[in-house]
Each structure stands twice: as C-alpha cells, then as structure tokens.
2 protein chains.
Amino acid sequence: MKTVPHITDAEWEVMKVLWNQSPRTANEVIEAMQDQTDWKPKTIRTLLNRLTQKQALSFTQENRVYAYFPLVSEGECVKSETQSFLKRMYGGAFKPMLVNFLKEEQLSEEDIKELKQLLENKSK
Amino acid sequence: MKTVPHITDAEWEVMKVLWNQSPRTANEVIEAMQDQTDWKPKTIRTLLNRLTQKQALSFTQENRVYAYFPLVSEGECVKSETQSFLKRMYGGAFKPMLVNFLKEEQLSEEDIKELKQLLENKSK
DNA sequence: CACTCAGTATTACATTTGTAATCCATACTT
DNA sequence: AAGTATGGATTACAAATGTAATACTGAGTG
C-alpha cells in the first residue's frame with residue numbers, strides 16, 4: 001500500500017484547502033485561509049513548499065504562477081494518521097477505541113440510529 | 001477541566017509502562033521496555049526526566065533511587081489526544097469520524113454485536 | 001581514606017515544526 | 001532601458017523531539 005508522507009498540523013490546514021478545491025494558486029490558498037488562520041502569506045508559502053518537497057502536493061505552472069494540487073487524497077491521509085493514532089493510543093486495536101469513544105462521547109438519538117444502521121449493513 | 005501536558009510519541013511509551021504498573025524505578029522502567037524498544041537506558045532516563053518536568057510523572061525517593069508514578073491518568077491523556085486528533089482530522093466532529101471508521105475497518109460479527117449493544121445502552 | 005560504581009543531573013546535537021523574513025528574477029510601467 | 005512590484009527560492013531562527021553522552025555525587029569496597 002502506498003505510503004503517504006507525514007503531514008504536520010499546520011500543513012494539514014493547507015491540505016484541507018486544496019482537498020476542498022484544486023488546483024489553486026498560492027495566492028488563492030492564502031486568500032482562502034484568511035478566515036481560519038492569521039498566518040502571514042510567507043508562512044503559507046513555506047508550507048506549500050514543504051508539502052511539495054514531501055510530495056504531498058505538486059503544481060502546474062502558468063506564466064510565473066504555480067497552481068497547486070494534492071498528490072495524496074484526504075482519505076489516504078486520514079487513514080494513515082488514524083493508524084498512527086490508534087497505535088499510540090490503543091496499541092493499534094480498533095475496537096477498544098470505538099468502545100471507549102462510544103462510552104465517552106455525546107451522541108444524539110439521530111446519530112445513534114445512523115450508526116446502528118451502519119453496523120447493520122456491515123454485518124451482512 | 002484539568003489540562004494534561006502534551007505527551008510525545010516516545011514519552012507515550014514510557015507512560016504506558018507506568019500506567020500499566022507503578023511506582024517503578026528508572027531501572028525497572030528500562031527493564032520493562034527492553035522488548036518494545038531498543039532505546040538506550042540513558043534515553044529512557046531522559047524521557048523520565050522530561051515527563052517529570054512537564055508534570056506527567058512524579059517520584060518518591062528511596063535512598064538514592066527514584067520510583068516514578070503517573071500524575072495523569074491514561075484515560076485523561078487518551079481523551080485529550082483524541083480531541084486534538086479529532087480536531088485535525090474531522091474539524092472536531094465526532095460522528096463523521098465514527099462513520100468513516102466503521103466504513104473502513106474490519107469488524108467481526110462479535111464486535112459488531114458488542115458495539116450495537118453499546119449503542120443500545122446509550123440511546124436509553 | 002581513596003576508588004569505583006550506580007544513579008541522577010546536566011549538556012549535546014541533529015531533525016522537525018512553526019513562523020516568518022530576505023533575496024532573486026522577471027514582467028510590467030514609465 | 002531603468003525602476004518597481006510580485007511571486008518563487010533561499011535562509012532564519014526558536015521550540016519541541018528523538019536520541020543519547022558526559023559530568024557529578026554519594027555509598028559501598030579495599
């Protein structure tokens with residue numbers, strides 16, 4: 001299975017913007033992030049660079065300007081991060097985590113119904 | 001709510017040993033970790049120190065020797081790490097993560113039954 | 001009492017990460 | 001053609017992290 005590069009917290013924010021829509025130029029990414037963060041444009045460019053170096057992003061060039069797009073899907077990354085997380089927290093076992101979460105977390109009647117439905121489907 | 005210090009990957013391994021049983025001397029911790037890791041004793045002592053500084057551990061002193069014990073529970077730490085994780089992956093929303101997990105992961109018929117049972121209990 | 005050994009405390013050092021600033025090249029302006 | 005502005009490339013720098021090594025100190029040993 002393909003290994004995805006490790007994406008840090010700050011980088012993750014940038015990836016989310018590009019997963020949401022791509023390709024986008026650096027300036028478009030910067031623009032899109034004005035609300036979520038107060039990072040300086042230079043900071044965001046640094047993150048774009050690092051993500052490109054670690055091959056999480058690539059870009060096409062139009063004149064002087066790069067348009068970035070993801071090389072890895074959100075799903076892949078989420079899955080990969082989840083694996084590490086699971087490993088750290090629960091020694092890699094999935095079910096104990098679920099059990100713990102279900103005990104701890106608030107869920108609406110609606111949510112519970114939906115989850116039960118999912119479990120139904122899985123069991124068939 | 002009490003804030004737990006941030007515990008890094010390497011430190012987490014040490015905490016697990018002490019959550020499992022405590023108090024333990026540095027040497028006992030080192031001993032216990034021989035299987036899981038190939039860290040040098042000095043490395044483990046460094047981690048014990050850092051954890052003590054960030055008040056995740058404390059110790060009692062018997063003669064020349066320290067016996068370490070956790071100041072934060074595994075549950076607290078798991079919960080806290082889970083919050084950050086959730087925030088990063090799913091913008092903090094719990095249910096989407098569950099949905100995703102349930103879709104992705106393998107679960108035995110047994111597991112599914114158990115989880116459904118948990119959901120049942122929650123809904124009442 | 002001098003020496004050694006075992007623990008603890010202090011220091012080391014490369015890498016990663018967060019957070020930018022400065023330098024460079026080129027496209028447009030005058 | 002020279003000057004300016006804009007976007008990319010390079011450099012910066014502190015804190016956190018992984019991974020130890022060295023220094024110090026007191027307790028037991030000869």
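Values below: every heavy atom of this structure, side chains too, minus hydrogens, waters and symmetry copies. Residue numbering restarts at 1 for every chain, and letters A, B, ... go by the order of the sequence lines.
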Looking only at dT19(D), dT17(C), dT10(C), the nucleotide nearest the Asn49(B) side chain is dT10(C)
Here the distance between atom C1' of dG18(C) and atom CH2 of Trp12(A), to the nearest Å, is 18 Å
Between OH of Tyr66(B) and P of dT25(D) the distance, given in whole Å, is 13 Å
May I ask you to verify if any side-chain N or O of Asn27(A) is less than 4.0 angstrom from the OP1 or OP2 atom of dG7(D)?
yes
Quick note, salt bridge (charged side-chain N to carboxylate O under 4.0 Å, His left out) partners involving residues 15-30 of chain A, not counting sequence neighbours, are Glu13(A)-Lys16(A)
Between CD of Gln61(B) and P of dA27(D) the distance, given in whole Å, is 10 Å
Pairwise side-chain contact, Leu57(B) with Leu71(B), heavy-atom cut-off 4.5 Å (strictly under): no
Output for pair (Gln34(A) CD, Trp39(A) CH2), nearest 0.5 Å, gives 11.5 Å
Would you tabulate the pairs of protein nitrogen or oxygen atoms and nucleotide nitrogen or oxygen atoms of nucleotides 1-3 of chain C closer than 3.5 angstrom?
none

Met33(B) CE to dT19(D) C1', in whole Å, measures 13 Å
For nucleotides 21-30 of chain C, 5' to 3', base contacts (B), sugar-phosphate-only contacts (S) and non-contacts (-) with protein non-hydrogen atoms under 4.0 Å give BB----S---
Subject >> Worked check of side chain to side chain contact (heavy atoms under 4.5 Å, CB included) between Gln36(B) and Val17(B) >> reply: CA-CA 10 Å; Gln36(B) 297 116 70; Val17(B) 170; 4.0 Å; yes
Residue set satisfying ring-ring contact (aromatic ring centres under 6.0 Å, His included) with Trp12(B), at least two apart, ordered chain then number -> Trp19(B)
Quiz prompt | Any side-chain heavy-atom pair of Thr25(B) and Tyr68(B) under 4.5 Å | solution = no
Whole-Å distance, Arg50(B) CZ to dA15(D) P, equals 14 Å
In whole angstroms, the gap separating P of dG7(C) from CZ of Arg24(B) amounts to 16 Å
If each end axis of the helix from dC1(C)-dG30(D) to dT30(C)-dA1(D) is fitted on five C1' pair positions, the angle between them, to 10 degrees, is 40°
**Q.** Short side-chain N/O contact from Thr8(A) to OP1 or OP2 of dT16(C), under 4.0 Å
**A.** no
Whole-Å distance, Leu48(A) CG to dG18(C) P, equals 14 Å
Next item on the list: Could you tell me whether Arg88(A) and Glu81(B) have a side-chain N and a carboxylate O separated by less than 4.0 Å?
Entry: yes
By nearest-nucleotide position on DNA chain C, the 5'-leaning member of Lys54(A) and Tyr68(B) is Tyr68(B)
To the nearest angstrom, the CG-C1' distance between Leu51(A) and dT17(C) comes to 12 Å
Looking only at dG7(C), dT19(C), dT17(D), the nucleotide nearest the Arg45(B) side chain is dG7(C)
Residues 38-48 of chain B vs salt bridge (charged side-chain N to carboxylate O under 4.0 Å, His left out), sequence neighbours excluded, gives none
Using a 3.5 Å distance criterion without hydrogens, assess whether the side chain of Lys116(A) forms a donor-acceptor pair with backbone atoms of Leu119(B). no
Q) Is Val29(B) reachable from Val65(B) through a run of hydrophobic residues whose side-chain heavy atoms are each under 4.5 Å from the next? A) no
Classify the nucleic acid contact of Asp9(A) as base, sugar-phosphate or nothing, counting any heavy atom under 4.0 Å across all strands shown.
-> sugar-phosphate
Does Leu48(A) offer a backbone N or O that forms a donor-acceptor pair with the side chain of Thr52(A) under 3.5 Å? yes
Check: Aromatic rings Tyr90(B) and Phe85(B): how do their planes relate, parallel, tilted or perpendicular, breaks at 30° and 60°?
Finding: perpendicular
